[in-house]
Each structure stands twice: as C-alpha cells, then as structure tokens.
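When reading the values below, keep in mind they use all heavy atoms of this one structure, side chains included, and skip hydrogens, waters and symmetry mates.
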Amino acid sequence: MIGASQKPAGHIVCAERVATFPSMAHKCNVSGSGPAYDDKPLEGGFVRGAIGHMKMIDGWLYTCTGNRGFGKRLGKGEWQSFSEHFPIADNCGFNDFDAFNEQDIYLTGGKGDVWHFDGKKAHQIPIPTNIDFTAVCCGGDGEVYLSGGRGKIFRGRGDRWERVENEEPDKDPSTLRLQDLVWYEDKVWATNDYGLWVIENNIIKEADVPGWVEECAGDLSVGDGVLLLSGISGAVFRENGEWHKILLFKEMEELLAAEKGR
C-alpha cells in the first residue's frame with residue numbers, strides 16, 4: 001500500500017499490506033524529502049491485521065487495518081494508535097476510511113460496520129444494511145458515500161442515510177464491489193477493475209470517458225487538482241477537464257512488437 005504525507009515532511013510511504021513471515025511485521029519504506037530509507041516495520045500497536053487504505057488527512061498520513069485498527073504517522077518510526085477506541089470483532093474492517101478533517105473521520109469495513117471518529121472518541125453508526133462495505137468517501141457536498149457489494153451504495157451522515165439510485169438497474173456496478181470512491185469536479189468518482197462511474201444528484205451512472213481511460217479502471221486517487229486512475233491496463237490522469245496518458249500497456253506492447261519486427 002502507498003500513501004503520502006505533507007507533515008511532518010513531504011514523504012511517500014510504502015507498507016506491505018500483509019505481514020511478512022517469520023517476523024510477521026509489515027515492512028515499510030519512506031522516500032521523498034531527504035534520502036529514502038527503510039522505516040521501522042509496522043507491527044503491534046495499532047496494527048491488528050492487513051494494512052488497508054493509506055490516506056492523508058490535514059497533511060498527516062493515516063492508515064487503517066483489519067480488525068478495526070487505525071493509526072496516524074507522526075514521523076520516522078513513530079505512529080499514534082487510535083485502535084483502542086474501536087473494539088475488536090470477528091469479520092469486521094476496517095477496509096477504508098475518509099475524512100472532512102482530523103476531527104470528522106468515517107471508517108468502514110465488514111457487514112454494515114461504519115464508525116465515526118472525532119480524534120478523541122469513536123462511535124458506531126447504525127446503517128440500514130448488513131452488506132460488506134469496501135469504500136467510503138467524504139464528499140465536497142458534505143455527504144458521506146459508502147459502497148459495498150450486492151448492488152448497494154448509500155449516501156448520508158449521522159443517522160440519516162439513503163440509497164443511491166442506479167441510472168441503469170440492469171447494469172448495477174456495485175454488485176462487482178466498488179473499491180475506490182473519491183470526490184473530484186463536484187461529484188463522486190467510483191471504480192473497480194471493470195469500469196468507471198460517477199455519482200451525481202444521488203444517481204450513479206457510467207462515466208463518459210474515452211475507451212482508453214476506462215481500460216485503466218482499478219484504483220483512484222485525488223491530489224493537487226489531479227485525478228489519477230490506474231489499473232492492470234495502465235495509468236491516466238485528469239486535470240482541468242482533460243484526460244492524459246501516463247502509460248498504456250497495450251500501446252507499449254504494440255511498440256515492442258513493431259521494434260522486434262524491424
């Protein structure tokens with residue numbers, strides 16, 4: 001898993017998602033400001049299972065883990081644990097989290113398992129479903145978006161939640177487990193390995209993008225006014241309303257084939 005921070009310095013942090021045998025620790029590497037180095041492995045403390053998403057909140061890097069683990073990176077080899085605020089339970093997350101700020105964080109994973117954390121206290125939020133949630137997005141419209149399997153996406157906040165409708169019910173994307181939700185250009189963008197969608201006016205629909213963009217579906221990230229989309233077929237980004245190629249594996253293969261044919 002890869003995350004970035006601006007505090008205490010601009011860093012890229014890479015951590016093994018699954019612990020390494022025989023130490024059963026998650027190796028961690030840091031690069032960016034100054035020389036790259038192998039940081040202290042992630043083990044114990046807030047880490048309760050596989051590393052989930054890593055995201056920046058107010059410039060600081062946070063990460064969630066299985067069995068409701070949650071922590072914040074303070075600096076080299078130092079993480080602050082918040083896991084003590086979340087009771088361990090079987091078959092629960094966290095798979096993902098997002099935030100409006102450090103005092104307004106939403107975490108999800110497991111069957112209908114959604115929590116709010118204000119930096120000091122956490123409480124579980126009742127959701128009218130028991131599906132496995134896989135992704136969460138705190139939108140610029142002040143709403144929280146939750147996605148999981150079985151064709152269900154919810155929007156709301158606090159104790160108010162409603163189902164997001166699908167523009168084409170026979171082609172519901174969320175049955176395939178949306179794995180990333182982000183807010184960009186005044187709407188939610190959603191993806192998995194099979195496509196790219198947007199949520200506008202409480203309706204999810206296929207994104208109107210070129211075919212070479214959709215082929216790169218898989219993971220989404222937003223930062224500094226740029227939307228990054230990457231998957232097994234390549235990587236592209238969107239900026240100022242335009243899509244740009246980083247690399248497309250199909251084009252690379254065609255170039256290699258042409259080179260060999262000379």
Shared hydrophobic cluster, Val47 / Trp115 (ILVMFWY, side-chain heavy atoms < 4.5 Å):
no
Is the number of heavy atoms from other residues, nucleotides or ligands under 6.0 Å of Leu255 CG greater than 12?
yes
Which pair of non-hydrogen atoms, one from Leu229 and one from Val213, has the smallest distance, and what is that distance?
CD2-O, 3.4 Å
Answer yes or no: is there a donor N or O on one side and an acceptor on the other, between the side chain of Asp180 and the main chain of Asp219, under 3.5 Å?
no
Between the side chain of Ser5 and the main-chain N/O of Ala9, is any donor-acceptor distance below 3.5 Å?
yes
Using a 6.0 Å cut-off, check whether atom NZ of Lys27 has over 12 heavy atoms from anything other than its own residue.
no
Taking C-beta and beyond as the side chain, do Leu247 and Met252 meet within less than 4.5 Å on heavy atoms?
yes
Would you give the length of the straight line joining atom CG of Asp132 to atom NZ of Lys152, rounded to the nearest 0.5 angstrom?
12.0 Å
Indicate whether the side chain of His53 and that of Asp98 have a donor and an acceptor atom separated by less than 3.5 Å.
no
Residues Val209, Leu196; criterion side-chain contact (heavy atoms from CB on, under 4.5 Å); working and verdict:
CA-CA 8 Å; Val209 298; Leu196 182 66; 4.1 Å; yes
Do any pairs count as a ring-ring contact (aromatic ring centres under 6.0 Å, His included) and have a residue in residues 12-52, sequence neighbours left out, and if so which ones?
Phe46-Trp79
To the nearest 0.5 Å, what is the distance between SG on Cys138 and CH2 on Trp183?
11.5 Å
Would you call the rings of Phe70 and Phe97 parallel, tilted or perpendicular, taking 30° and 60° as the class edges?
perpendicular
CG (Asp38) and SG (Cys14) are apart, to the nearest 0.5 Å, by 10.5 Å
A quick test of your reading: do over 12 heavy atoms of other residues, nucleotides or ligands sit less than 6.0 Å from CD1 of Ile2?
no
Work out which heavy atom in Trp212 is nearest to a heavy atom in Val236; give both atom names and the distance.
CZ3-CG1, 3.7 Å
Salt bridge check, Glu185 against Arg238: does any charged N sit closer than 4.0 Å to a carboxylate O?
yes
Counting only N and O atoms by type, is there a donor-acceptor contact under 3.5 Å from the side chain of Asn202 to the main-chain atoms of Arg163?
yes
Side-chain donor or acceptor of Asn192 paired with backbone N/O of Tyr194 under 3.5 Å
yes
Minimum side-chain heavy-atom gap Ile51-Met1 below 4.5 Å:
yes
The single option from Arg73, Gln80, Glu102 that satisfies side chain to side chain contact (heavy atoms under 4.5 Å, CB included) with Tyr62 is Glu102
State which residue, out of Val144, Leu181, Ile105, fulfils the side chain to side chain contact (heavy atoms under 4.5 Å, CB included) condition with Val136.
Val144
Under 3.5 Å, is there a donor-acceptor pair between the side chain of His85 and the main chain of Lys120?
yes
Can a cation-pi geometry be assigned to Lys72 and Phe82, taking NZ or CZ under 6.0 Å from the six-membered ring centre and within 45° of the ring axis?
no
Quick one: do the Tyr145 and Asp141 side chains pair a donor with an acceptor below 3.5 Å?
yes
What do you reckon, is NZ of Lys245 surrounded by more than 12 foreign heavy atoms closer than 6.0 Å?
yes
Donor-acceptor contact present, side-chain Thr134 to main-chain Leu178, <3.5 Å
yes
Carefully, step by step, assess Gln6 and Asp58 under the rule side chain to side chain donor-acceptor pair (under 3.5 Å).
CA-CA 9 Å; Gln6 296 172 341; Asp58 293 345; over 6 Å; no
Nearest heavy-atom contact between Ala25 and Glu43 is CB-OE1, 3.7 Å
Aromatic contact, Tyr106 with Phe117 (centres under 6.0 Å)
no
For the hydrophobic clusters of this structure (ILVMFWY residues joined by side-chain heavy atoms under 4.5 Å, transitively), does one cluster hold both Val198 and Leu220?
yes
Are Arg155 and Glu162 close enough for a salt bridge, meaning some N to O gap below 4.0 Å?
yes
State, to 0.1 Å, how close Phe133 and Asp113 come at their nearest heavy-atom pair, and which atoms those are.
CD1-N, 4.3 Å
Applying a strict under-4.5 Å side-chain criterion to I, L, V, M, F, W and Y, I'd like to know whether Val114 and Phe100 cluster together.
yes
Glu143 side chain vs Arg157 backbone, donor-acceptor pair below 3.5 Å
no
Indicate, with yes or no, if Leu228 and Leu61 share a hydrophobic cluster defined by side-chain heavy-atom contacts under 4.5 Å among Ile, Leu, Val, Met, Phe, Trp and Tyr.
no
Testing the 3.5 Å rule here: is there a donor-acceptor pair between the side chains of His123 and Asp118?
no
Separation between CD of Glu251 and CD of Glu254, rounded to the nearest 0.5 Å:
7.0 Å
Looking only at heavy atoms, which two atoms of Ser147 and Ile153 are closest? And how far apart?
CB-CG1, 4.1 Å
Below 4.5 Å, heavy atoms only, C-beta onward: do Leu146 and Trp161 meet side chain to side chain?
yes
Between the side chains of Glu200 and Lys205, is the shortest nitrogen-to-carboxylate-oxygen separation below 4.0 Å, so that they form an ion pair?
yes
Answer yes if Ile199 and Val182 sit in the same cluster of Ile, Leu, Val, Met, Phe, Trp and Tyr residues linked by side chain heavy atoms under 4.5 Å apart, and no otherwise.
no
Between Val13 and Met54, does a side-chain contact (heavy atoms from CB on, under 4.5 Å) hold up when you go through it step by step?
CA-CA 9 Å; Val13 180; Met54 305 179 77; 3.9 Å; yes
Taking the ring of Trp243 and the ring of Phe237, is the distance between their centroids below 6.0 Å?
no
Could you grab the distance from atom CD1 of Ile88 to atom CZ of Arg68, nearest 0.5 Å is fine?
9.5 Å
Closest non-hydrogen atom pair, Leu248 against Cys216:
CD2-SG, 3.5 Å
At what distance, to the nearest 0.5 angstrom, does SG of Cys28 lie from CG of Leu42?
5.0 Å
Tell me if a side-chain donor or acceptor on Thr191 pairs with a main-chain N or O of Gly195 at a distance below 3.5 Å.
yes
